[in-house]
Protein chains: 2
Amino acid sequence: MANIEDVARLANVSIATVSRAFNNKPDVSEKTKARILEIARSIGYEPSVPARSLTKRKTNTLGLIVPDISNPFYGEVVRGIEDTCHNHNYNVILCNADNKRDKEFLYIDMLKNRWVDGIIFHSDYFTERHYEVFKGKKIPLVLAGRATKYDILYVAIDNFKAAYDATNYLISLGHERIGIIHGPLNGMEETVDSVDRFLGYKKALKDAGLKVYDELIKEANFKAKGGYKAAKMMLEGEIKPTAIFAISDMMAIGAINAVFDSGFKCPEDVSVIGFDNIDLCEVIRPPLTTIAQPMYQIGAVAAKLLVKIIGGEQVEQKSVLLDHELVVRKSCSRL
Amino acid sequence: MANIEDVARLANVSIATVSRAFNNKPDVSEKTKARILEIARSIGYEPSVPARSLTKRKTNTLGLIVPDISNPFYGEVVRGIEDTCHNHNYNVILCNADNKRDKEFLYIDMLKNRWVDGIIFHSDYFTERHYEVFKGKKIPLVLAGRATKYDILYVAIDNFKAAYDATNYLISLGHERIGIIHGPLNGMEETVDSVDRFLGYKKALKDAGLKVYDELIKEANFKAKGGYKAAKMMLEGEIKPTAIFAISDMMAIGAINAVFDSGFKCPEDVSVIGFDNIDLCEVIRPPLTTIAQPMYQIGAVAAKLLVKIIGGEQVEQKSVLLDHELVVRKSCSRL
DNA sequence: ATGAAAGCGCTAACAT
DNA sequence: ATGTTAGCGCTTTCAT
C-alpha cells in the first residue's frame, strides 16, 4: 500500500507538503497541490485513517449501542444515525447489547479503547452505574430514545404525554373500560418508557373521571405474542374492555389477533391502539391506529447533537423532546 | 488518558515489557506481569486500538455494506454478523448503501482507508465493476445473500431451487393458475435473486406440464404496497390466479390484503405463499406460508468465513449455499 | 527475562 | 510556499 512518503518522493516534495495538500491547508501553491493530488491518484494513495487518528487524537467514529438491530424499531433509529453520520463524515461502529448490563459495559470499554469520538446509547435502562461509567470515561454521550434525570443529553419523546394522548383518544370515542398492555415496570424505580406510558394512561383516565380497573392492566414483553396473551386474558376476564391501549405496535398486533380469536371483532367490538408506528401498521388488517414515534428523527437528531458536542461548539446544547403524533387508521371506532 | 509509558514508569519496567504483558507473550515473568496488569488497572490503562492498528497493520474491524438496515431482513443478517464478530473480537462498521452504486463505491473506499481487515458486502447487484474495484483494492471480501459467477466467496441460498420448491408446493395442492410477483429483473443480465426465483418458478410449472400465463407474471418492488398493486391487477384480470407466489414476504402480505379487498378470501379462494420468513409471517392473518431464508445464519456464516480468511487459513475456503425451508402456515390451501 | 531503539503513517510546530 | 523534525502509542527486532 502506497504511503505518504511514496507520494512525496514522486512529487519531489516533502511529506509535510503532501499532508498539507490532503488537508486543504491554505499554504500550498495550487500548482503543487494539483500535482500531488494527481500523483496520489495515479498510485492509488489515500491517507491512512488509523495513522491520522493517532496524531489527531480523533477517529471520526461514533460508537452505537442498541438493544437489538434485528428489531425494526431500532433499525429505523440506526438508519437515522448512520445517514447523519455519513453526512458529517463519521463512521459508525454498531454494537448489540440486548439490554444486558455486562454486554453494555463491555462494549463501552471496547469503544473507549478504540478512541471513538462519542457514543450514542440506546437501552431500556439508564442506571446510576451507567452514569458513573460514562462520567468516568469522559466520552461524549447522547442517550437515544429515553429521557433521564442525570445531566446527560438525550433525544426522546414525551412518553407520558404520548400515552395520555392515546388514552384520551380512546376516551373521546366514548370508551370507558380501557385496558392497557404495558411493558416491564421494573419496580418503577427508574424512568423507563414503560413507566411513563403507564402513568400517562392512568392520568388520562383520572382526568376524565373514569375508573381504573386492575383487571384491565396487563404486563407483556413488547412482542406480538406477549400482547396476544395479555389481551386474551383481559378478554376472557370478568370485566371486558371495549378498548385496549398497547404500548408497542407489536403488542397491539398481537392484541388484535387475540380479539378475533376470542370471537370478537376489531374495531367493532374492541378498539385497539398501538405505539411506535412501525411500517407494519398499514399492512395489517385492520390498519393500526397508533401513536407515531419519530424513530428516524430520534436517531438523526441524536447523531447531530453528538457531532456538535464533539465539535466543541459550546452553544449550550440541550436535550431534545421530539413530537409524537396520533395516526388514526381503522383499528379504533366509536363505542 | 494513561498510556503505556505511564504504566512502565510506575512499574519500573520498560514499555516493551508492558507491551509483552498485555499481549500475553511467554517471556515475561508471572510476577512482573501480574504487577504490570494491576498497576494498569489501577490507573485505568488499556492499549490504544488505533496505535495498535498502526503497528500491527490490523484493525480487528470489519466493514459491512448493506442496502438498508431499517429493513428487518437486513436487520437479521446484520445481527448474525455482529454476534459472530463480537465472539471473534472484531468490531463492525455499518454502512447503508441503498443499492446505489456510487454510495457503495464511496463506502468501499472509506473502509479501505480505514484499513478494515475485510468487508461483507450485501447488495442486490454485484457487477463486473464491483469485482474489479474489490480486486484492485485487495480487501478480503465475502458476498452475503447472493451468489456470483466471479471468483468471490459468497454465502447465500439456492434461489432457483427455493422458488422451484415454493411453486411446486402450490402445484401439489392442485393449483394450475399460479401467479408470481417478482422483483426487478434488470434485463436479466445479472444473476439477481429475482431472476433466479423467477426462473425457478417457470421451471416448476414446465416440469408439471402447466401453462405459463403472461397475465399472471407481475413485477413489484419487494414492498407491501408493490405486492398489493400487483396482486390487485392480477385479480382483476381476465385470467384469475388461484394461487400467488410473491418472492418476498412483504409483497405477499400486500397480496393477501389485495385478495380480501378484491372480495376474495385467502386461502379459500386464493392461496398466497411468500419468501424470507420474517417475523411478521406468524403475526398476520392468515399466518403466511413461506420459504424460510436463514437470514441470521447467512450473516453469521459470512462473518465466520471472512474472519477465517483474514486469519490466513489457507484451508481452501469455499462459498456456502445454505438450506432454505418450506414453512407451512395457513395462507395456502388445497384447490 | 528485560531493555533500547527503530518504525508504523501521519500531523503540527518550528524553521527558512 | 516548502522542508525538518518531533511526536502520537504501540509492537517488534535486536541486544544483553
Side-chain angles (χ1 to χ4, degrees), chain A residues 1-37 39-40 43-61 89 109-117 137-138, chain B residues 1-37 39-40 43-61 89 109-117 137-138:
Chain A
M1 269 268 316
N3 64 18
I4 198 171
E5 221 182 311
D6 301 330
V7 181
R9 196 176 329 108
L10 291 171
N12 272 312
V13 293
S14 71
I15 59 168
T17 305
V18 176
S19 173
R20 289 185 186 105
F22 268 93
N23 287 280
N24 282 312
K25 301 280 179 183
D27 45 5
V28 202
S29 77
E30 279 304 322
K31 254 180 61 186
T32 44
K33 179 171 171 181
R35 184 162 44 95
I36 288 171
L37 260 29
I39 288 176
I43 64 170
Y45 166 81
E46 285 184 66
S48 154
V49 174
R52 238 182 198 172
S53 298
L54 197 58
T55 30
K56 291 195 151 177
R57 312 187 66 80
K58 176 150 195 316
T59 55
N60 272 65
T61 308
N89 195 31
D109 211 53
M110 292 183 61
L111 292 173
K112 163 99 188 186
N113 296 150
R114 279 185 174 264
W115 290 14
V116 296
D117 300 325
K137 302 219 181 248
K138 292 177 186 147
Chain B
M1 269 266 316
N3 63 18
I4 198 172
E5 221 183 310
D6 300 330
V7 181
R9 197 177 327 109
L10 291 170
N12 272 314
V13 293
S14 70
I15 60 169
T17 305
V18 177
S19 173
R20 289 187 185 104
F22 268 93
N23 287 278
N24 283 312
K25 301 281 178 183
D27 46 5
V28 203
S29 77
E30 279 304 322
K31 254 181 60 186
T32 44
K33 179 171 171 182
R35 184 161 43 95
I36 288 171
L37 260 30
I39 288 176
I43 64 170
Y45 166 81
E46 285 183 66
S48 154
V49 175
R52 236 181 200 175
S53 297
L54 198 58
T55 30
K56 291 195 152 175
R57 310 188 68 78
K58 177 150 193 317
T59 55
N60 272 65
T61 308
N89 194 31
D109 211 53
M110 292 184 61
L111 292 173
K112 162 100 187 185
N113 297 151
R114 278 185 175 264
W115 290 13
V116 295
D117 299 326
K137 304 220 182 247
K138 292 176 187 148

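No hydrogens, no waters, no symmetry mates; every other heavy atom, side chains included, goes into these values. All values derive from a computational prediction rather than experimental measurement. Every chain is numbered from 1 and lettered A, B, ... according to where its sequence line falls, protein lines coming before strand lines.
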task = Applying side-chain contact (heavy atoms from CB on, under 4.5 Å), name anything that partners A:Leu111, two or more places apart in sequence or on another chain.
result = A:Ile65, A:Ile93, A:Cys95, A:Val116, A:Ile119
key: side-chain contact (heavy atoms from CB on, under 4.5 Å) involving B:Ala11 - partner list, sequence neighbours excluded   = B:Val13, B:Arg35, B:Ile36, B:Ile39
query = Between B:Ala8 and B:Ser14, what is the shortest heavy-atom contact and its length?
reply = CB-C, 3.8 Å
Close side-chain approach of [X] to [Y], heavy-atom, < 4.5 Å:
{"X": "A:Arg57", "Y": "A:Arg52", "answer": "no"}
{"X": "A:Phe22", "Y": "A:Leu37", "answer": "yes"}
{"X": "B:Asp109", "Y": "A:Glu46", "answer": "yes"}
{"X": "B:Asn23", "Y": "B:Ser19", "answer": "yes"}
{"X": "A:Met110", "Y": "B:Val49", "answer": "no"}
{"X": "A:Ser48", "Y": "B:Asn113", "answer": "no"}
{"X": "B:Met1", "Y": "A:Trp115", "answer": "yes"}

request  = With sequence neighbours excluded, give me every salt bridge (charged side-chain N to carboxylate O under 4.0 Å, His left out) pair touching residues 4-27 of chain B.
outcome  = B:Asp6-B:Arg9
note = Ordered by number, residues from residues 45-56 of chain B within less than 4.0 Å of DNA chain C (heavy atoms) are B:Leu54, B:Thr55
query = So how far is it from B:Arg114 CZ to A:Ser53 OG, rounded to the nearest 0.5 Å?
reply = 6.5 Å
ask   = When all nucleic acid strands are considered with a 4.0 Å heavy-atom cut-off, which category describes A:Thr17: base, sugar-phosphate, or nothing?
value = sugar-phosphate
query = So, the side chain of B:Asp117 versus the backbone of B:Asn60: is there a donor-acceptor pair under 3.5 Å, distance only?
reply = yes
query = Any donor and acceptor pair, going by atom type alone, linking the side chain of B:Thr61 with main-chain N or O of B:Thr59 inside 3.5 Å?
reply = yes
message = Five pairs per end, C1' atoms only: what is the angle between the end axes of the helix from C:dA1-D:dT16 to C:dT16-D:dA1, to 10 degrees?
response = 40°
task = Sort out for me which residue in B:Val28, B:Ile4, B:Leu10 forms a side chain to side chain contact (heavy atoms under 4.5 Å, CB included) with B:Val18.
result = B:Ile4
Are any protein N/O atoms closer than 3.5 Å to N/O atoms in nucleotides 14-16 of chain C? If there are, list each pair with its distance.
none

task = Round to a whole Å and report the spacing from CZ of B:Arg57 to C1' of C:dG9.
result = 8 Å
inquiry  = Using heavy-atom distances to pick each residue's nearest nucleotide on DNA chain C, tell me which of B:Lys33 and B:Trp115 is more 5'.
reply    = B:Lys33
Under the rule for side chain to side chain donor-acceptor pair (under 3.5 Å), what residues qualify as partners of [X], not counting sequence neighbours?
{"X": "B:Lys33", "value": "B:Asn24"}
{"X": "A:Lys56", "value": "none"}
{"X": "B:Thr32", "value": "B:Ser29"}

ask   = Listed in order of residue number, which residues of residues 4-16 of chain A have a non-hydrogen atom at under 4.0 Å from DNA chain D?
value = A:Asn12, A:Val13, A:Ser14, A:Ala16
task = Specify the residues of residues 23-32 of chain A, ordered by number, for which at least one heavy atom lies under 4.0 angstrom from an atom of DNA chain D.
result = A:Asp27, A:Val28, A:Ser29, A:Thr32
query = 5' to 3' on DNA chain D, which nucleotides open and close the contacts with chain A (atom under 4.0 Å from a heavy atom)?
reply = D:dA1 to D:dG9
